[in-house]
Number of protein chains: 2
Amino acid sequence: MTTQLTHISELIQTQGYRLTAAREAIITALVQTGGHVSADELVEIVHQAAPQVGRMTVYRTLDLLCELGCLRPVYQGTGAAHYILFADGHHHHLVCRLCEKVVEFDECLLRELEERIGRRFNFAIEGHLLELYGLCGDCQGRDAVG
Amino acid sequence: MTTQLTHISELIQTQGYRLTAAREAIITALVQTGGHVSADELVEIVHQAAPQVGRMTVYRTLDLLCELGCLRPVYQGTGAAHYILFADGHHHHLVCRLCEKVVEFDECLLRELEERIGRRFNFAIEGHLLELYGLCGDCQGRDAVG
DNA sequence: CTCTGTGCAAAGGATTTGCACTACG
DNA sequence: CGTAGTGCAAATCCTTTGCACAGAG
């Protein structure tokens, strides 16, 4: 966990950005949540440790992390974007289309696919998000009824 | 293409929803685009064929299709959500984290994974979205420079 | 010391309500 | 006919600017 914080901090400096107190607080909070929050939730959490950090600094830092390739915004249901950390370069979701429940899983056999596609389209692949959609156990009956 | 329109129309009726003129117009427009539009763009297109259809009917129909499992909103860059049709139950993107360029590809070896994960978590998997992130050819040099 | 990063408040969009009307089935 | 679906406009919510100040390097 602390490793991840360190990794991101170094990435920021390596890329020529400044490692400010606000950014540290935000990244710490983000890592702490496991990387699965809306901007708003993150603001809340950051404020517990660093009340002076403003909402837009959070937005801007999230933007920066996206640009650095270690974060990604996703739409889960509607409303605010959720941000997910690419801890190991990938992330996997199982999403119920009715109740919007989200389960994470780790199974990954996409390394090979990444390489093949990257080569074909001349992309330097850095990670991926895989989302499987369907009905969770609870909603399977519900759907049949209508 | 027409097949897809028929498929969705039947899905709507099967699930007990009404197939209205507005919905037909919206779905026609959606299929026509290949399923890769923002709500706003779709409103434009729908208006060409059916000017009386309102913006929120488009939003509500998109919502309905998401619920039915044949559509999915994704965030590409920032701003408006983009909607993608699950033509064959899956969709694959290659996204550049700097210029936000999006390439679609078809390679799919996830059937087996779907089954395994579905069984493990008791989900009825209906489709998936796979997004690979990285740097496109144009941005690879740009990134090194900083 | 310089320039990037920050914070505030107000602007800018996209999406969602509430309610009377229309039309599917 | 009854009810689900529609359309409008106003409301709401998330996110982005503009600008003066503070702190990293």
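Just so we're clear, the structure is a prediction, and the values are computed from it rather than from any experiment. Throughout, protein chains are lettered first and strands after them, A, B, ... in sequence-line order, and every chain is numbered starting at 1.
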Atom-pair distance (CE on B/Met56; P on D/dA10), nearest Å: 12 Å
- prompt: Rounded to whole angstroms, how far apart are NE2 on A/His82 and C1' on D/dT15?
  reply: 15 Å
message: With a 4.0 Å limit, can you tell me whether A/Thr20 has a side-chain N or O closer than that to the phosphate oxygens OP1/OP2 of D/dG23?
response: no
- request: Remember a base hit wins even if backbone is also touched, and classify B/Ala39 as base, sugar-phosphate or nothing at under 4.0 Å, heavy atoms.
  value: sugar-phosphate
message: Counting only side-chain heavy atoms from C-beta out, which of C/dT4, C/dA14, D/dG7 sits nearest to B/Ala80?
response: C/dA14
task: Give B/Ala81 one of three labels, base, sugar-phosphate or nothing, depending on what nucleic acid heavy atoms sit under 4.0 Å from its own.
output: sugar-phosphate
- request: Hey, which sits more toward the 5' end of DNA chain C by its nearest nucleotide, A/Leu64 or B/Asp40?
  value: A/Leu64
message: Classify A/Arg60 by what it touches in the nucleic acid, base, sugar-phosphate, or nothing, heavy-atom distance under 4.0 Å.
response: base
message: Please report the interatomic distance CG(B/Leu129) to NE2(B/His92), rounded to the nearest 0.5 Å.
response: 8.0 Å
message: Between C1' on D/dG5 and CD on B/Glu67, what's the gap in Å once rounded to a whole number?
response: 14 Å
query: Rounded to whole angstrom units, what separation is found between the CG atom of A/Asp63 and the P atom of C/dG5?
result: 13 Å
task: Check the distance between C/dG5's C1' and A/Ile12's CD1 and give it to me in whole angstrom.
output: 12 Å
statement: In whole angstroms, the gap separating C1' of D/dA24 from CD of A/Gln15 amounts to 18 Å
- prompt: Where the side chain of A/Tyr17 is concerned, which of C/dG5, C/dT6, C/dA14 is the nearest nucleotide?
  reply: C/dG5
message: Could you walk me through whether A/Glu67 and B/Leu98 satisfy the side chain to side chain contact (heavy atoms under 4.5 Å, CB included) test, starting with their C-alpha distance in whole Å, then the side-chain angles of each, then the deciding distance to 0.1 Å, before giving a yes or no?
response: CA-CA 6 Å; A/Glu67 201 179 293; B/Leu98 287 186; 3.8 Å; yes
- prompt: To the side chain of B/Val53, which of D/dG7, C/dG7, D/dG25 is closest?
  reply: D/dG7
Donor-acceptor pair, side chain of B/Gln48 and main chain of B/Ala29, under 3.5 angstrom: no
Interatomic distance where OH belongs to A/Tyr59 and C1' belongs to C/dG7 [whole Å]: 15 Å
task: From the options D/dG25, C/dA23, D/dG7, select the nucleotide whose nearest atom is closest to the side chain of B/Arg18.
output: C/dA23
query: Touch check for B/Glu24, heavy atoms < 4.0 angstrom, all strands: base, sugar-phosphate only, or nothing?
result: nothing
message: Can you classify the ring geometry of B/His90 versus B/His128 as parallel (below 30°), tilted (30 to 60°) or perpendicular (above 60°)?
response: tilted
Spacing between B/Glu41 atom CD and C/dG13 atom C1', to the nearest angstrom: 15 Å
message: Heavy atoms from C-beta onward define the side chain here; which of D/dT6, D/dT15, C/dA14 lies closest to that of A/Arg55?
response: D/dT15
- request: Check whether any side-chain heavy atom of B/Glu126 lies under 4.5 Å from a side-chain heavy atom of A/Arg97, and answer yes or no.
  value: yes
field: Nearest-neighbour nucleotide for the B/Gln52 side chain, D/dG25, C/dT6, D/dG7 considered
entry: D/dG7
- request: Please tell me if the side chains of B/Ile27 and B/Ile12 come closer than 4.5 Å, counting only heavy atoms from C-beta onward.
  value: yes
query: Would you say C/dT6 has OP1 or OP2 under 4.0 Å from some side-chain N or O of A/Arg23?
result: yes
